[in-house]
Amino acid sequence: MIALEALPSTPNTMLGHVLVVEDEEIIRETVALALTEEGYSVTTAEDGSEALKLVNQSVTRGGTSCKVFDLIVLDLMLPHVNGLDLCRLIRHDGHHIPILILSAKASETDRVVGLEVGADDYLAKPFGMRELIARCRALLRRSHYTKPPQPQTSQLTFNSIVLYPQECRVTIQDEDVNLSPKEFRLLELFMSHPRRVWSREQLIERVWGPDFMGDSKTVDVHIRWLREKLEDDPSNPKYLVTVRGFGYRFGS
Ligand code: CA
């Protein structure tokens with residue numbers, strides 16, 4: 001195996017992590033290099049059994065489910081376990097990683113068999129590197145859009161203040177607080193980033209939008225209103241704190 005980048009300990013946050021499975025060194029290295037230059041993180045495997053081990057390792061690392069590969073570029077004619085069997089095994093194990101098959105077998109039947117065992121796309125050799133990259137990109141984009149939605153944070157809590165983003169509702173000690181939409185957005189931003197210091201300009205951009213033409217004192221006015229609604233002693237705030245010379249932060 002030639003690892004251009006070691007398996008990361010956490011899922012890759014770059015463009016994606018691609019596993020290239022190809023026994024012909026020159027093709028393997030050329031594909032790996034082209035994908036690396038496009039910004040992808042790449043791991044390579046020379047045969048089917050090595051690839052299968054990498055895929056299974058990536059999913060069970062640390063005893064928890066952890067998908068490391070976002071895409072597999074898979075040659076069909078491989079030593080030990082061939083590409084079609086590998087594809088079947090990967091799908092049989094329940095992995096949904098997109099698979100792009102590379103093969104010199106370019107007949108329609110070969111393509112159909114490849115797609116039927118669970119591949120998502122098929123590229124016949126010889127192929128142009130630009131087409132390969134474009135297909136990889138398309139597969140990654142598609143899988144990105146079909147990923148199950150991430151669970152949303154159901155609420156933000158700080159001491160006795162609870163903010164429910166989905167319901168646009170805020171409570172203090174279980175009592176509803178009546179906030180305007182701007183006050184709510186401002187508080188949501190603060191509570192999502194406890195202790196982060198925000199300048200007035202940053203708050204304007206995030207809450208009012210980049211087209212806002214008013215004065216940055218608008219922020220001060222809204223902070224004052226929020227303090228009056230949230231703080232026990234608005235003149236001595238413990239939630240919405242002024243950071244002299246910078247702006248505001250949430251939490252003392
Ligand atoms: Ca081969």
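Indexing begins at 1, ligand by ligand and atom by atom, following the structure's order. Model, not experiment: these values are computed from the prediction.
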Seminar exercise, completed: What lies under 3.0 Å from the Ca ion (ligand 1), restricted to protein N/O/S atoms, is Asp23 OD1, Asp75 OD2, Met77 O

Problem set entry | salt bridge (charged side-chain N to carboxylate O under 4.0 Å, His left out) partner of Asp120, the single match among Arg91, Arg142, Arg141 | Arg91

Exercise. Are any of the side-chain nitrogens in Glu50 or Lys53 under 4.0 Å away from the carboxylate oxygens of its partner?
Worked result: no

Problem set entry | salt_bridge(Asp75, Lys125) N-O dist < 4.0 Å | yes

Problem set entry | Test item: Glu22 side-chain N/O and Glu24 main-chain N/O as donor-acceptor pair under 3.5 Å | yes

Exercise. With under 30° as parallel and over 60° as perpendicular, where do the rings of His193 and Trp198 fit, or are they tilted in between?
Worked result: perpendicular

Exercise. Apart from Tyr164 itself, what residues make up its hydrophobic cluster when side-chain heavy atoms of I, L, V, M, F, W and Y under 4.5 Å apart count as a link, directly or indirectly?
Worked result: Val162

